[in-house]
Every structure is written in C-alpha cells, then in structure tokens.
**Student:** 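Mind having a look at this structure? Questions to follow.
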Amino acid sequence: MEISVITSNIDDGRKRFKFRKRERLKLRSDISLLFESGRSVQNEDFVIVYRKNRLDYSRIAVAVKRKFGKANRRNKLRRWVRECFRTSSDRVPKGYDLLVIARKPLSVKFKTSTYWSVSKSLIELFERIINEESNTRNH
RNA sequence: GGAGAAGGGCAGACAGGCGCAGACGGUCGCACAAGGUCGCACUGAGGAAAGUCCGGACUCCGUGGGCAGGAUGCUCGCUAACGGCGAGGUGGCGUGAGCCAUGGAAGGGCCAUAGAAACGAAAACCGCCUGAAAGCUUAGGUUGUCUUAAGUGAGUAGGGCAAGGAUGGAAAGGUGAGGUAAGAGCUCACCAGCAGUGCAGUGAUACACUGGCUUGGUAACCCACAUCCGGAGCAAGGUCAAGCAGGGGUUGGGUCGCUCUACCCUCAUUCCCCGGGUAGGCCGCAUAGACAGAUGCCUGUCUAUUACAGGAUCCGGCUUAUAGCCCUUCUCCGUAU
RNA sequence: GUGGCUAUAGCUCAGUUGGAAGAGCGCCUGACUGUGGAUCAGGGUGCCGAGGGUUCAAAUCCCUCUAGCCACC
C-alpha cells in the first residue's frame, strides 16, 4: 500500500509509462499482413506502416537495415524509437499495429543527431496518422 | 625543461526518477504448462564483445591403413593446444633506450631488358701486354724462275690477362704488399666467409687451432628435413509431440579428394528416392543470456551531449578500430647545483 | 551465426610457372552523304578495390582492411 502512495506522488508530476511485452509486434504473420494491407506515412527520417488491429492498444516493431550502420548504431536507434513510443503514448494512435522503418538520410546524420530530434520527427508522424485516420472516417 | 623508447591501467563517476531482460518469490489460471500480473531485494555486454586469422573444448559422421593435400620453420622453455607468449643466439638499423629480420653446401626451376658473360671456372666489347706472315716498295749482291737489308703490311691477324671501364638489383671474396711482358689467391699479411677438430653450453651458437684459398639471389618458387593435422560444424546434434494420408522403387546405403583391406545394415515403422502438407516446443544454453532477439531517457554536480563500439555454443591467443587521460622504468640533449 | 566466392576500360569479361595489360559492345575523331543511319579508317578511355610486405621487379606471391554476393534453419 506504501507503493501506491509513491506512484501516486509521481503521478502528480508526470505520468508513469510502461512498455509491456504485449505491445511488441513479434509474429511473422502479423508483419506480413502489415505489408499486404497496411497504409503508410513518411518523412525524411522514417517510414511508418500502420494497420488497424482489433485490440485496445497499439503494437510496434522497428526495422533497421544492416546498411544503416554497425550493430551499435542500429541498437541505439531501436532503443530511441521504443523509448519515444513509451514516453509519449498519449500521442500515439491507439489500436494500431505500427512498423517503423529507418530511412537512409537518417543514417547519414545519425552521428550528430540526439534523442530529442529523433523523437520529434517520430511524433510528427504519429500525429499525421491520427489526422489521416480521422479524415477517412469523416468521409 | 625538451625530444624520444618500452610496458601497464581506466574506458565516465556519484545521487534521484521513469523504463527493459532474466532468475527468484507471491498471485490469476483445470495446472509444477503457456501466458498475464505484483516486486523495499538479486543479476544484467567489451578491451576490443569486431574480423573469423589460428588453436582447443563440445557434437555428429562405420573401423583401420596408404597416397594426395594443408600448416609451422634460428634455439630452448611455457601451455590443454597453437601460426601465441617469454628468454636466448646471429645479422641489420639507430648517438642511445630500443626496433626489425631469421632453413640456400640434398636436388631441380627461375633471374626479363641491358650486358662479353647471370652460376657452366665459363666468357672477351673497350682495354692492358705480347706480337707474326704473305704481298708490295726501295737499295745492294748477282744474271738465277736466286738472295740480303730496310721500309711498308701493322701495333693488323694470332696469342696471353681478368687488374681497370661500360651494363645491371647482383659480375664470383675485400684491402695492402710482393710478383709479372701484362696480370691473376700466383704468393704473403690482415679481415670476411666455408670445412674439420678441440673446448664451453640442454641447444641455436661463441671462442681457439688447423686446412684448402672461396661454389650469388630467390624456399611469402617447387622442395628436402623435422614436428603436427580425418571431415564437417550449435543453422552441429539430441529429444518430445499434434495434425494429415501416406505412396512407390531395387542391390542399394553406410562423412570425406583418391584408393585399399576387413566389416555392418537392408525388400521396409527406421535407410534411399518421390509426392502432399507444414509447426513447432524443449535440451544443447552457461552465476548476462534471448529467439522479431534485454542497457535507453530525464534532473543535478564534477571540464563531461562527446572515442572505437553491443554478447548469440563456450574458452586461449592474434589482428584491426579507438576520444580523453593516468602510472612505472629507461635513453639522449640543454640548464642549475 | 557458420562456411564460402568475387573485385581489371563507361558495361560484360580474358589475363597459368612474376618481366612494361587485352577482347567484344559502347564512346571520340575523320571519310562517304544535302542530313542521319549503316559502312570504312584511326584513337586510348586503366594508380588492375585500399594499405603494407617478400622480390632487382607484383594485376599475379603473402598479410591486413573495405565493399558486394552466395549457401546452410
């Protein structure tokens, strides 16, 4: 019961987020479905392929090509994307399967870029997904 | 204080917050399954985790032998083993601390072009030394199809030499003296190198004496000798089980580049071939340990957002990448005492 | 991850005991033609993926890197 007190204290400042196992998109069949019937948005850094699932939460997968860089760089980008997904879950569209693909220009400027610049361009894409989906519903 | 040489170390730290993986303990769950959920506590990437260049462990392949093939290469030691490391020997470079290299008298191959000649005690372009003759001319003796002298031919042909020049990456010991027509290990002294003997050392070798005077380079060319190596690799391999539907074939199969001897299995549940369908879990697997694959972000302080960079069967090395520092030992130069 | 292969002209490829690098297509120049094509004649387009080493000499032999590709659940 002491625990709940602590967490509630934190909730005063900012929200407490988790990244659960079920929020990962792991099955091969799900991903091939995405490629077959998913829609996509893109900017200079990323492509996001998305598709509505029948759950009340979103699932995410990250794809980084081997050409992007060595293992260290690829790991770092994957962690940043995951961190962004976790901390800004209120801005992520709910009930979707997402596949984030890193593009070539990002690999060039990756050495000088920071976590904030990467998460900014990701959030921009998340918001565009929300907008486009609401538009199609209106039609 | 400056310029170097060798070796070793750190690889952001501390505090707080959010988050992740595993194990453990609760809890939900027919249940010691999968999965979810909770957690004041525990564990959670590197010096190179990398390249995959070596060596093992481990696993499967039927046993043994031979050939082929591969690796290493001064000596000794360390090691499970190694192509690794340590010490020593010899040679080269550097004022020095130190650094780099290491089989050429078993045999064969190759050394283009240039050069006389490229490993055969061979060869002769220029050169050095020696050095003709026929013929021709002139003069004389003599009148014969004769002969003498000088000149010319010619410093030519021929012979001797391996000193010097030229070529080349490299020219067959080097320097000096004697010697000779000119020269030459032709002779002598010293030096280098080779062989033998003695002595010291486990040994590579060192030292001394004696001898004949002397036969390049290339084994990251073949190779001799010595030592070692069977082949594949955790996607190895083992095991469990659901679903469906099994069918067919004949001397075939039993790791390998080749080969030999012996052996084993086998007319089908197991091996081989073909078709359909497809799905995997667990073990292997670890005091980090997954199977879409765990380390990230924020705040404060310290110069600090800051190098190279992330385990995938595990160890021992090597190699390559690397910010900013720190420590130890040593060398040379300058100044002061 | 494990085990392999390749890199030579703009493109596709040769290049065997180490001795000054070629073929085909394309390209450029000239001739023929009013112009173009076809045809004929001529031309090199090269730091042999990068850096070291062995050698008198390296596309070739040895070592280390860098790219690209393939096979095996």
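Chain identifiers are assigned alphabetically (A, B, ...) following the order of the sequence lines, protein sequences preceding nucleic acid strands; residue numbering begins at 1 within each chain.
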**Student:** Indicate, yes or no, whether a donor-acceptor pair under 3.5 Å links the base of B:C18 to the side chain of A:Arg86.
**Tutor:**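 It does, because a donor-acceptor pair links the side chain of A:Arg86 to the base of B:C18 below 3.5 Å.
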
**Student:** Is there a side-chain contact between A:Arg103 and A:Glu44 in this structure, where contact means two heavy atoms from C-beta onward sitting under 4.5 Å apart?
**Tutor:**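 Counting from C-beta outward, A:Arg103 and A:Glu44 never come under 4.5 Å.
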
**Student:** Do A:Leu98 and A:Val92 come within less than 4.5 Å of each other through their side chains, counting heavy atoms only?
**Tutor:**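 Yes, side chains in contact.
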
**Student:** Which nucleotide, in any strand shown, forms a Watson-Crick or G-U wobble pair with B:G300, with both distances under 3.5 Å?
**Tutor:**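 Pairing partner, where one exists within any strand: B:C14.
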
**Student:** Grab the CZ-P distance between A:Arg74 and B:G296 for me, whole Å please.
**Tutor:**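 These atoms are roughly 16 Å apart.
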
**Student:** Atom NZ of residue position A:Lys109 - does it have more than 12 heavy atoms of other residues, nucleotides or ligands inside 6.0 Å?
**Tutor:**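 Counting neighbours around NZ of A:Lys109, more than 12 heavy atoms of other residues, nucleotides or ligands fall under 6.0 Å, so yes.
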
**Student:** Starting from C1' on B:A321, measure out to CG on A:Asn72 and report it in whole angstrom.
**Tutor:**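 Distance, rounded to whole Å: 13 Å.
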
**Student:** Parallel, tilted or perpendicular, judged at 30° and 60°: which one describes the rings of A:Trp80 and A:Phe110?
**Tutor:**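 Taking A:Phe110 first and then A:Trp80, their aromatic rings sit tilted (interplane angle of 30° to 60°).
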
**Student:** With respect to the side chain of A:Lys67, which nucleotide from B:C297, C:G68, B:A45 is positioned closest?
**Tutor:**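 Side chain of A:Lys67 sits closest to C:G68.
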
**Student:** For the pair made of OH in A:Tyr115 and P in B:G296, what is the distance, rounded to whole Å?
**Tutor:**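 Rounded to the whole Å, the gap is 13 Å.
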
**Student:** Mind telling me whether B:G47 is syn or anti, cutoff 90° either side of 0?
**Tutor:**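 That one's syn.
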
**Student:** To the nearest Å, give me how far apart CZ (A:Arg66) and P (B:A50) are.
**Tutor:**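 That distance rounds to 12 Å.
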
**Student:** Are A:Lys104 and A:Lys67 side-chain neighbours, meaning at least one heavy-atom pair lies under 4.5 Å?
**Tutor:**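 No, too far: nothing below the 4.5 Å cut-off.
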
**Student:** Could you give the NZ-to-P distance, from A:Lys109 to B:U305, as a whole number of Å?
**Tutor:**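 From A:Lys109 NZ to B:U305 P: 22 Å.
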
**Student:** Can you tell me whether the base of B:A286 sits syn or anti, using the 90° cut around 0 to define syn?
**Tutor:**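 Glycosidic conformation of B:A286: syn.
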
**Student:** What form does the base of B:U215 take, syn (within 90° of 0) or anti?
**Tutor:**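 Base orientation: syn.
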
**Student:** Distance check, C1' atoms only: B:C111 and B:A170, in whole angstrom units.
**Tutor:**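 Rounded to whole Å, the distance is 10 Å.
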
**Student:** Both distances below 3.5 Å, Watson-Crick or wobble geometry, any strand: find the nucleotide opposite C:A41.
**Tutor:**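 Paired with C:A41, as far as the under-3.5 Å criterion goes, is C:U29.
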
**Student:** What interatomic distance, in whole Å, is found between C1' of B:A288 and the corresponding atom of B:C30?
**Tutor:**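 Looking at atom C1' only, B:C30 and B:A288 are 36 Å apart.
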
**Student:** Looking only at atom P, what distance separates B:U214 and B:A162, rounded to whole Å?
**Tutor:**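 It works out to 14 Å between them.
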
**Student:** Among A:Val47, A:Val49, A:Asn131, A:Ile48, exactly one meets side chain to side chain contact (heavy atoms under 4.5 Å, CB included) together with A:Val41. Which residue is that?
**Tutor:**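 When A:Val47, A:Val49, A:Asn131, A:Ile48 are each tested with A:Val41, the side chain to side chain contact (heavy atoms under 4.5 Å, CB included) holds only for A:Ile48.
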
**Student:** Compare side-chain N and O positions of A:Arg82 against OP1 and OP2 of B:G293 and report whether any pair is under 4.0 Å apart.
**Tutor:**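 Yes, A:Arg82 has a side-chain N/O under 4.0 Å of OP1/OP2 on B:G293.
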
**Student:** Any sub-3.5 Å donor-acceptor pair from A:Arg73's side-chain atoms to A:Lys111's backbone N or O?
**Tutor:**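 No; zero donor-acceptor contacts below 3.5 Å.
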
**Student:** I'd like the C1' distance from B:C53 over to B:G1, given in whole Å.
**Tutor:**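 That atom pair is separated by 46 Å.
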
**Student:** Determine the sole option in A:Arg39, A:Lys52, A:Lys94 for which the salt bridge (Lys or Arg N to Asp or Glu O under 4.0 Å) test with A:Glu133 is passed.
**Tutor:**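 Testing A:Glu133 for a salt bridge (Lys or Arg N to Asp or Glu O under 4.0 Å) against A:Arg39, A:Lys52, A:Lys94 leaves exactly one candidate, A:Arg39.
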
**Student:** If anything within 90° of 0 is syn and all else is anti, what is B:G12?
**Tutor:**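 Anti, which is what one calls it when the glycosidic angle falls more than 90° from 0.
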
**Student:** Find the distance A:Lys70:NZ to C:A67:C1' and express it as a whole number of Å.
**Tutor:**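 Distance, rounded to whole Å: 12 Å.
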
**Student:** Closer to the 5' end of RNA chain B via nearest nucleotide, is it A:Asn75 or A:Val62?
**Tutor:**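 By nearest-heavy-atom nucleotide position, the 5'-most residue is A:Val62.
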
**Student:** Find the partner of C:A67: check Watson-Crick (N1-N3 plus N6-O4 or O6-N4) and G-U wobble (N1-O2, O6-N3) distances, both under 3.5 Å, and reply none if neither fits.
**Tutor:**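 Across all strands, the one nucleotide that pairs with C:A67 is C:U6.
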
**Student:** Are A:Trp116 and B:C297 close enough that a side-chain N or O sits under 4.0 Å from OP1 or OP2?
**Tutor:**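 Answer is no, no contact under 4.0 Å.
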
**Student:** With both distances under 3.5 angstrom, what nucleotide forms a Watson-Crick or G-U wobble pair with C:G24?
**Tutor:**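 Partner of C:G24: C:C11.
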
**Student:** Expressed as a whole number of Å, how far does the P atom of B:C76 sit from that of B:G107?
**Tutor:**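 Those two atoms are separated by 26 Å.
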
**Student:** What is the base-pairing partner of B:G201, counting Watson-Crick and G-U wobble geometry with both distances under 3.5 Å?
**Tutor:**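 When the pairing criteria are applied, nothing turns out to pair with B:G201, so the answer is none.
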
**Student:** Could you tell me whether B:A290 is syn or anti, where syn means a glycosidic angle within 90 degrees of zero?
**Tutor:**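 Chi for B:A290 falls in the anti range.
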
**Student:** Between B:U102 and B:U95, how far apart are the P atoms? Round to whole Å, please.
**Tutor:**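 Comparing P positions in B:U95 and B:U102 gives a spacing of 24 Å.
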
**Student:** Rounded off to whole Å, could you give me the CH2-to-C1' distance for the A:Trp80 and B:U295 pair?
**Tutor:**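 So the CH2-C1' distance, A:Trp80 to B:U295, works out to 14 Å.
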
**Student:** Write down the distance between CZ (A:Phe110) and C1' (B:C308), rounded to a whole number of angstrom.
**Tutor:**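 In whole Å, B:C308 C1' lies 16 Å from A:Phe110 CZ.
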
**Student:** Counting any heavy atom closer than 4.0 Å, what does A:Arg59 reach on the DNA or RNA strands: base, sugar-phosphate only, or nothing?
**Tutor:**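 It contacts nothing in the nucleic acid.
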
**Student:** Identify whether any heavy atom of A:Ala71 sits under 4.0 Å from a base atom; if not, whether one sits that close to sugar-phosphate; answer base, sugar-phosphate or nothing.
**Tutor:**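 Sugar-phosphate, backbone atoms only, no base.
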
**Student:** Side-chain N or O of A:Lys111 less than 4.0 angstrom from OP1 or OP2 on B:A307?
**Tutor:**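 For B:A307, OP1/OP2 do not have a side-chain N/O of A:Lys111 under 4.0 Å.
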
**Student:** Please report the distance separating the C1' of B:C100 from the corresponding atom of B:A49, rounded so that it comes out in whole Å.
**Tutor:**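 Looking at atom C1' only, B:C100 and B:A49 are 33 Å apart.
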
**Student:** Provide the distance between the two P atoms, one in B:A321 and one in B:C222, to the nearest whole Å.
**Tutor:**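 After rounding to an integer number of Å, I get 30 Å for this pair.
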
**Student:** Measure distances between side-chain N and O atoms of A:Arg79 and base N and O atoms of B:G310, and say whether any donor-acceptor pair falls under 3.5 Å.
**Tutor:**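 Looking at the base of B:G310, it does pair with a donor or acceptor on the side chain of A:Arg79 (distance under 3.5 Å).
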
